[in-house]
Amino acid sequence: SNGDNGHILLEPTSTNLIPYSEDFSEWISIDGVVPTDNFTTSPEGLVNAAKLVFNGTTDSRIELNVPTSGTNTQSVYLKTESGTQNVSIGASSTDLSQFTITDKWVRYSHTGGGNYPRILCSDAATIYAYGAQLEALPYATSYIPNHGTAVGITRATETLNGSGNSTLIN
């Protein structure tokens, strides 16, 4: 696009393998992380984002055991209570991406292996989290909410019909 034309985003079939994408109290707390669900306004505009309080223990985290294999991508919206904070995400203890998050909602993602998606912080800090996702893809797609379905929620492949010009849009 040259900025004058619109964009169409058509996504492939994908499944959010995380059964509690907005319910962080269902995640496993390691080394004293205290999650409080429905604490603040999420990027969705609803009060459904979680508050996560880390106590400063090295490798303090919340995580889930999600049966998966091969390459996958974890993504989650994060922000701080104030200032900046270093936080890591990933699905194994040896394959993590570290980010410096701010007080603005941003969706962070990590592609790698492992079946324990996690949010890790080694400092005493309060952060907010929303919309966790784990996909068996080498990239993140748009957020697919999952409110407790153990088998995951799947979005079907999106298609475009009746475009009017098959040389521009097939």
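FYI, the numbering just counts along the sequence from 1.
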query = Do Ile18 and Leu64 touch side chain to side chain, with heavy atoms closer than 4.5 Å?
reply = yes
ask   = Are any side-chain N or O atoms of Ser42 and backbone N or O atoms of Glu44, one a donor and one an acceptor, separated by less than 3.5 Å?
value = yes
note = Heavy atoms of Arg107 and Ser75 approach each other most closely as NH2-OG, 2.8 Å
Within one Ile-Leu-Val-Met-Phe-Trp-Tyr cluster: Tyr20 and Leu52, side-chain cutoff 4.5 Å = yes
query = In Å and rounded to the nearest 0.5 Å, what is the CD to OG1 distance from Glu135 to Thr111?
reply = 9.0 Å
message = Pairing donors with acceptors under 3.5 angstrom, does anything connect the side chains of Ser109 and Tyr139?
response = no
request  = Return the set of residues passing side chain to side chain donor-acceptor pair (under 3.5 Å) with Thr40 (not counting sequence neighbours), or none when no residue passes.
outcome  = none
ask   = Tell me, do Val106 and Leu78 make a side-chain contact under 4.5 Å, heavy atoms counted?
value = no
inquiry  = Side chains of Ile62 and Ile28, heavy atoms from C-beta outward: is any pair under 4.5 Å?
reply    = no
request  = Measure across Thr71 and Pro138 and return the closest heavy-atom pair with its distance rounded to 0.1 Å.
outcome  = CG2-CA, 4.2 Å
query = Please walk me through it: do Asp59 and Leu120 pass side-chain contact (heavy atoms from CB on, under 4.5 Å)?
reply = CA-CA 6 Å; Asp59 296 335; Leu120 180 144; 4.0 Å; yes
task = Could you check if a side-chain atom of Phe39 sits within less than 4.5 angstrom of a side-chain atom of Asn48, using non-hydrogen atoms only?
result = no
query = Is there a side-chain contact between Ser14 and Leu137, using heavy atoms and a 4.5 Å cut-off?
reply = yes
key: Chi angles and distances behind the side-chain contact (heavy atoms from CB on, under 4.5 Å) call for Ile119, Phe24   = CA-CA 10 Å; Ile119 301 169; Phe24 292 91; 4.0 Å; yes
inquiry  = Do Lys79 and Asp103 make a side-chain contact, defined as non-hydrogen atoms from C-beta onward lying under 4.5 Å apart?
reply    = no
request  = State, to 0.1 Å, how close Ala125 and Gln85 come at their nearest heavy-atom pair, and which atoms those are.
outcome  = CB-OE1, 3.4 Å
message = Tell me the closest heavy-atom pair linking Ser25 and Pro35, and the distance in Å.
response = CA-CG, 3.9 Å
key: Donor-acceptor under 3.5 Å (Gln74 side chain, Ile89 main chain)   = no
message = For Val33, is there any backbone N or O sitting under 3.5 Å from a side-chain donor or acceptor partner on Ser29?
response = yes
task = State yes or no: do Val66 and Trp27 share one hydrophobic cluster built from I, L, V, M, F, W and Y residues joined by side-chain heavy-atom distances below 4.5 Å, directly or via other members?
result = yes
ask   = Does Leu96 share a hydrophobic cluster with Val76, counting links as ILVMFWY side-chain heavy atoms below 4.5 Å and allowing steps through other members?
value = no
message = Are the side chains of Asn65 and Asn115 in contact, using a 4.5 Å heavy-atom criterion?
response = yes
query = Are side-chain heavy atoms of Asn55 and Ser60 found at a separation under 4.5 Å?
reply = yes
request  = State which residue, out of Asn72, Asp95, Thr73, fulfils the side-chain hydrogen bond (donor to acceptor under 3.5 Å, both in side chains) condition with His110.
outcome  = Asp95
note = In short, ring-ring contact (aromatic ring centres under 6.0 Å, His included) pairs touching residues 59-99 with sequence neighbours left out are Tyr77-Tyr130, Phe99-Tyr108
ask   = Is there a donor-acceptor pair under 3.5 Å between the side chain of Asn16 and the backbone N or O of Ala132?
value = yes
Gln133 side chain vs Ile144 backbone, donor-acceptor pair below 3.5 Å = yes
inquiry  = Can you give me the closest heavy-atom contact between Asn146 and Tyr143, atom names plus distance?
reply    = N-OH, 4.4 Å
